[in-house]
Amino acid sequence: MESAEHVARALLGKILSYRGASARIVETEAYLGLADAAAHAFRGITPRTKVLFGPPGHAYVYLIYGIYNCLNIVSEPEGSAGCVLIRALEPLTGLRAMRRRRGVERLEDLASGPGKLTLAMGINLRHNGVDLTRGPITVSEPEREEEFETAVTPRIGIRHNPDWPLRFTIAGSRFVSK
DNA sequence: TCAATGATGGGCT
DNA sequence: GCCCATCATTGAC
(Lines give C-alpha, C1' and ligand atoms only; values in the text may rest on other atoms or scores of the structure.)
Protein backbone atom coordinates (compact mmCIF):
# COMPACT_ATOMS: atom_id res chain seq x y z
CA MET A 1 0.00 0.00 0.00
CA GLU A 2 1.31 3.38 -0.93
CA SER A 3 -0.76 6.16 0.50
CA ALA A 4 0.52 9.48 1.76
CA GLU A 5 -0.78 8.59 5.21
CA HIS A 6 1.07 5.30 5.22
CA VAL A 7 4.32 6.96 4.13
CA ALA A 8 3.87 9.77 6.66
CA ARG A 9 3.64 7.22 9.44
CA ALA A 10 6.53 5.17 8.08
CA LEU A 11 8.84 8.21 7.91
CA LEU A 12 8.66 8.78 11.67
CA GLY A 13 11.93 7.69 13.26
CA LYS A 14 13.83 7.71 9.95
CA ILE A 15 17.06 9.71 9.55
CA LEU A 16 17.27 12.69 7.19
CA SER A 17 20.85 13.47 6.19
CA TYR A 18 22.56 16.13 4.09
CA ARG A 19 26.20 17.20 4.01
CA GLY A 20 27.19 16.03 7.49
CA ALA A 21 23.99 17.10 9.17
CA SER A 22 21.55 14.39 10.22
CA ALA A 23 18.36 14.35 12.23
CA ARG A 24 15.53 12.05 13.22
CA ILE A 25 12.10 12.72 11.75
CA VAL A 26 9.65 13.27 14.61
CA GLU A 27 6.69 15.00 12.91
CA THR A 28 5.07 14.61 9.48
CA GLU A 29 1.85 15.53 7.69
CA ALA A 30 0.16 13.77 4.78
CA TYR A 31 -1.29 15.73 1.84
CA LEU A 32 -3.60 13.82 -0.45
CA GLY A 33 -3.17 15.52 -3.82
CA LEU A 34 -6.26 15.97 -6.00
CA ALA A 35 -8.53 14.72 -3.21
CA ASP A 36 -7.33 17.28 -0.67
CA ALA A 37 -8.15 21.00 -0.95
CA ALA A 38 -5.31 21.78 1.46
CA ALA A 39 -2.74 20.26 -0.90
CA HIS A 40 -0.81 22.33 -3.42
CA ALA A 41 -1.55 19.65 -6.01
CA PHE A 42 -5.31 20.09 -5.55
CA ARG A 43 -5.62 22.43 -8.53
CA GLY A 44 -3.70 20.12 -10.83
CA ILE A 45 -0.36 20.30 -12.62
CA THR A 46 1.32 23.72 -12.72
CA PRO A 47 5.00 24.66 -13.06
CA ARG A 48 5.26 24.54 -9.27
CA THR A 49 3.33 21.33 -8.63
CA LYS A 50 4.62 19.17 -11.45
CA VAL A 51 7.15 17.37 -9.22
CA LEU A 52 4.23 16.29 -7.02
CA PHE A 53 2.79 14.43 -9.99
CA GLY A 54 6.14 12.78 -10.72
CA PRO A 55 7.72 9.64 -9.26
CA PRO A 56 7.80 9.00 -5.49
CA GLY A 57 10.90 9.50 -3.39
CA HIS A 58 11.61 12.95 -4.83
CA ALA A 59 11.76 16.18 -2.83
CA TYR A 60 9.12 18.87 -3.28
CA VAL A 61 10.49 22.11 -1.80
CA TYR A 62 8.49 25.33 -1.89
CA LEU A 63 8.79 28.86 -0.56
CA ILE A 64 6.27 29.83 2.10
CA TYR A 65 5.45 33.38 3.25
CA GLY A 66 8.31 34.72 1.15
CA ILE A 67 10.84 33.68 3.76
CA TYR A 68 10.89 30.00 4.63
CA ASN A 69 11.19 26.77 2.68
CA CYS A 70 9.24 23.60 3.37
CA LEU A 71 10.42 20.08 2.51
CA ASN A 72 8.02 17.40 1.28
CA ILE A 73 8.58 13.88 0.01
CA VAL A 74 6.50 12.71 -2.95
CA SER A 75 4.79 9.58 -1.71
CA GLU A 76 2.73 8.13 -4.53
CA PRO A 77 3.22 6.74 -8.06
CA GLU A 78 3.50 9.01 -11.06
CA GLY A 79 0.20 10.72 -11.82
CA SER A 80 -0.95 10.57 -8.20
CA ALA A 81 0.14 13.62 -6.24
CA GLY A 82 0.22 12.65 -2.57
CA CYS A 83 3.13 13.89 -0.51
CA VAL A 84 4.42 14.11 3.04
CA LEU A 85 5.48 17.37 4.66
CA ILE A 86 8.40 16.97 7.04
CA ARG A 87 7.47 19.19 10.00
CA ALA A 88 10.08 18.61 12.70
CA LEU A 89 13.41 16.90 13.32
CA GLU A 90 15.44 15.82 16.31
CA PRO A 91 19.00 17.01 15.50
CA LEU A 92 21.69 14.30 15.74
CA THR A 93 24.89 15.36 13.96
CA GLY A 94 26.20 18.55 12.37
CA LEU A 95 24.91 20.55 15.32
CA ARG A 96 27.48 23.32 14.90
CA ALA A 97 26.37 23.97 11.32
CA MET A 98 22.72 23.83 12.33
CA ARG A 99 23.23 26.35 15.11
CA ARG A 100 25.15 28.65 12.77
CA ARG A 101 22.46 28.53 10.08
CA ARG A 102 19.64 29.00 12.61
CA GLY A 103 21.25 31.52 14.92
CA VAL A 104 19.88 29.80 18.01
CA GLU A 105 21.48 27.48 20.57
CA ARG A 106 18.78 25.33 22.12
CA LEU A 107 18.57 21.86 20.57
CA GLU A 108 14.77 21.99 20.77
CA ASP A 109 14.68 25.17 18.69
CA LEU A 110 16.93 24.07 15.83
CA ALA A 111 14.47 22.10 13.69
CA SER A 112 11.15 22.01 15.55
CA GLY A 113 9.09 23.34 12.64
CA PRO A 114 8.95 23.01 8.83
CA GLY A 115 10.63 26.36 8.16
CA LYS A 116 13.21 25.86 10.88
CA LEU A 117 14.31 22.43 9.73
CA THR A 118 15.04 23.39 6.13
CA LEU A 119 17.14 26.30 7.37
CA ALA A 120 18.94 24.09 9.90
CA MET A 121 19.66 21.40 7.28
CA GLY A 122 20.63 23.85 4.51
CA ILE A 123 17.77 22.73 2.26
CA ASN A 124 16.24 25.29 -0.12
CA LEU A 125 14.47 25.75 -3.46
CA ARG A 126 17.49 24.46 -5.37
CA HIS A 127 16.67 21.02 -3.99
CA ASN A 128 13.18 20.97 -5.48
CA GLY A 129 12.80 17.77 -7.50
CA VAL A 130 15.92 15.98 -6.28
CA ASP A 131 15.79 12.19 -5.95
CA LEU A 132 16.12 11.33 -2.26
CA THR A 133 17.05 7.74 -3.06
CA ARG A 134 20.24 8.96 -4.73
CA GLY A 135 21.48 11.75 -2.47
CA PRO A 136 23.04 14.04 -1.52
CA ILE A 137 19.91 14.39 0.61
CA THR A 138 18.95 10.97 1.93
CA VAL A 139 16.40 9.27 4.16
CA SER A 140 17.67 6.14 5.90
CA GLU A 141 16.95 3.67 8.64
CA PRO A 142 18.13 4.60 12.14
CA GLU A 143 21.10 2.60 13.47
CA ARG A 144 19.07 1.60 16.49
CA GLU A 145 15.33 1.41 16.03
CA GLU A 146 13.78 2.93 19.12
CA GLU A 147 10.30 2.09 20.26
CA PHE A 148 7.79 4.91 20.10
CA GLU A 149 4.09 5.54 19.86
CA THR A 150 2.59 7.56 17.03
CA ALA A 151 0.22 10.36 17.93
CA VAL A 152 -2.35 11.42 15.30
CA THR A 153 -3.79 14.96 15.21
CA PRO A 154 -5.18 17.48 12.68
CA ARG A 155 -2.73 19.30 10.43
CA ILE A 156 -1.29 22.66 11.38
CA GLY A 157 -1.77 26.04 9.71
CA ILE A 158 -4.16 25.12 6.90
CA ARG A 159 -7.60 26.51 6.06
CA HIS A 160 -9.07 23.62 4.06
CA ASN A 161 -9.93 20.29 5.69
CA PRO A 162 -8.56 21.57 9.02
CA ASP A 163 -9.80 18.60 11.04
CA TRP A 164 -8.52 15.73 8.92
CA PRO A 165 -6.29 13.59 11.20
CA LEU A 166 -3.22 13.58 8.99
CA ARG A 167 -0.49 14.90 11.29
CA PHE A 168 1.75 12.27 12.83
CA THR A 169 4.21 12.80 15.67
CA ILE A 170 6.42 10.68 17.85
CA ALA A 171 4.44 10.85 21.08
CA GLY A 172 6.21 12.75 23.83
CA SER A 173 9.09 14.03 21.70
CA ARG A 174 10.35 17.42 22.82
CA PHE A 175 11.37 18.20 19.23
CA VAL A 176 7.91 18.45 17.65
CA SER A 177 6.64 21.87 16.57
CA LYS A 178 4.75 24.11 18.98
C1' DT B 1 2.01 32.84 29.24
C1' DC B 2 -0.19 34.07 25.13
C1' DA B 3 -2.33 36.50 21.25
C1' DA B 4 -1.29 39.68 17.63
C1' DT B 5 1.67 41.02 13.97
C1' DG B 6 5.33 42.16 10.46
C1' DA B 7 8.59 40.23 7.27
C1' DT B 8 8.70 39.04 2.29
C1' DG B 9 8.25 36.76 -2.50
C1' DG B 10 6.33 33.31 -5.70
C1' DG B 11 2.14 31.34 -7.55
C1' DC B 12 -2.17 31.73 -9.26
C1' DT B 13 -7.01 34.11 -10.33
C1' DG C 1 -3.98 41.73 -5.91
C1' DC C 2 -4.55 38.21 -2.80
C1' DC C 3 -3.18 34.09 -0.72
C1' DC C 4 -0.26 31.43 1.75
C1' DA C 5 1.42 23.76 4.75
C1' DT C 6 5.91 30.03 9.10
C1' DC C 7 8.59 32.22 12.70
C1' DA C 8 10.45 35.70 15.91
C1' DT C 9 9.22 39.58 18.20
C1' DT C 10 6.28 42.53 20.53
C1' DG C 11 3.33 44.05 24.12
C1' DA C 12 -0.63 43.18 27.12
C1' DC C 13 -1.91 40.62 31.12
Side-chain angles (χ1 to χ4, degrees), chain A residues 3-12 14 16 23 25-54 56-76 80-91 97-130 132 137 139 150-170 173-178:
Chain A
S3 69
E5 297 154 82
H6 181 76
V7 174
R9 284 178 176 276
L11 281 170
L12 290 179
K14 297 290 191 294
L16 180 69
I25 298 172
V26 299
E27 176 176 347
T28 60
E29 279 178 2
Y31 286 85
L32 307 186
L34 292 170
D36 181 2
H40 288 179
F42 180 67
R43 294 169 197 287
I45 299 184
T46 68
R48 179 173 64 153
T49 62
K50 79 169 174 344
V51 28
L52 288 170
F53 289 85
H58 286 237
Y60 168 59
V61 183
Y62 67 91
L63 179 69
I64 185 70
Y65 298 114
I67 305 178
Y68 300 101
N69 297 122
C70 290
L71 169 67
N72 298 253
I73 299 177
V74 179
S75 62
E76 295 181 29
S80 181
C83 71
V84 175
L85 170 67
I86 308 301
R87 279 197 59 90
L89 304 173
E90 174 180 344
M98 288 196 206
R99 288 193 165 104
R100 174 173 48 77
R101 287 188 285 249
R102 284 279 294 126
V104 298
E105 288 299 313
R106 286 177 72 233
L107 212 51
E108 299 91 328
D109 295 334
L110 286 180
S112 54
K116 299 181 199 177
L117 74 89
T118 51
L119 190 52
M121 295 293 290
I123 293 170
N124 56 54
L125 287 181
R126 296 199 322 273
H127 304 292
N128 187 41
V130 302
L132 299 176
I137 304 174
V139 176
T150 300
V152 185
T153 63
R155 296 175 292 184
I156 303 288
I158 52 170
R159 55 195 271 131
H160 302 285
N161 307 324
D163 47 0
W164 288 11
L166 294 177
R167 173 174 176 257
F168 305 94
T169 58
I170 288 183
S173 169
R174 54 195 244 265
F175 296 96
V176 302
S177 66
K178 297 178 277 299

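In what follows, chains are A, B, ... by sequence order, proteins preceding strands, each numbered from 1.
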Check whether any side-chain nitrogen or oxygen of A/Thr46 sits under 4.0 Å from OP1 or OP2 of B/dG11, and answer yes or no.
no
Nearest 0.5 Å, please: how far is CZ in A/Arg174 from CG in A/Leu107?
6.0 Å
Pair A/Glu27, A/Ser177 - check side chain to side chain donor-acceptor pair (under 3.5 Å), show working.
CA-CA 8 Å; A/Glu27 176 176 347; A/Ser177 66; 2.9 Å; yes
Counting N and O atoms only, with roles assigned by atom type, does the side chain of A/Asp109 sit under 3.5 Å from a partner on the main chain of A/Val104, one being a donor and the other an acceptor?
no
Which is more 5' along DNA chain C, the nucleotide nearest A/His160 or the one nearest A/Leu117? Just name the residue.
A/His160
Select base, sugar-phosphate, or nothing to describe what A/Arg102 touches, counting heavy atoms under 4.0 Å on all strands.
sugar-phosphate
Categorize A/Arg48 for me: base, sugar-phosphate, or nothing, with a 4.0 angstrom heavy-atom threshold over every strand shown.
sugar-phosphate
Which distance, rounded to the nearest 0.5 Å, do you find between the CG of A/Leu32 and the CG of A/Leu166?
5.0 Å
For the side chain of A/Asn128 and the backbone of A/Val61, is there at least one donor-acceptor N/O pair under 3.5 Å apart?
yes
Listed in order of residue number, which residues of residues 64-74 of chain A have a non-hydrogen atom at under 4.0 Å from DNA chain B?
A/Tyr65, A/Gly66, A/Ile67
With nearest nucleotide decided by heavy atoms, which residue, A/Leu63 or A/Arg43, maps closer to the 5′ end of DNA chain B?
A/Leu63
Electrostatic pair A/Glu29-A/Arg155, nearest N-O below 4.0 angstrom
no
So which one's nearest nucleotide on DNA chain C is more toward 5', A/Val104 or A/Ile156?
A/Ile156
Assigned partner base of C/dA5, Watson-Crick or wobble definition, under 3.5 Å
none
Note: chain A reaches DNA chain C at heavy-atom distances under 4.0 Å over the stretch, first to last nt, 5' to 3', of C/dC4 to C/dA8
So, the side chain of A/Ser3 versus the backbone of A/His6: is there a donor-acceptor pair under 3.5 Å, distance only?
yes
Considering Watson-Crick and G-U wobble pairs with both distances under 3.5 Å, what does B/dT8 pair with?
none
Under a 3.5 Å cutoff, is there a donor and acceptor pairing between the side chains of A/Lys116 and A/Ser112?
yes
Rounded to whole angstroms, how far apart are CD1 on A/Ile45 and P on B/dG11?
16 Å
Does the gap between the ring centers of A/Tyr62 and A/His40 come in under 6.0 Å?
yes
Round to the nearest Å and state the distance from A/Lys50 atom NZ to B/dG11 atom P.
11 Å
Integer angstrom distance from the C1' of C/dA8 to that of B/dG10:
22 Å
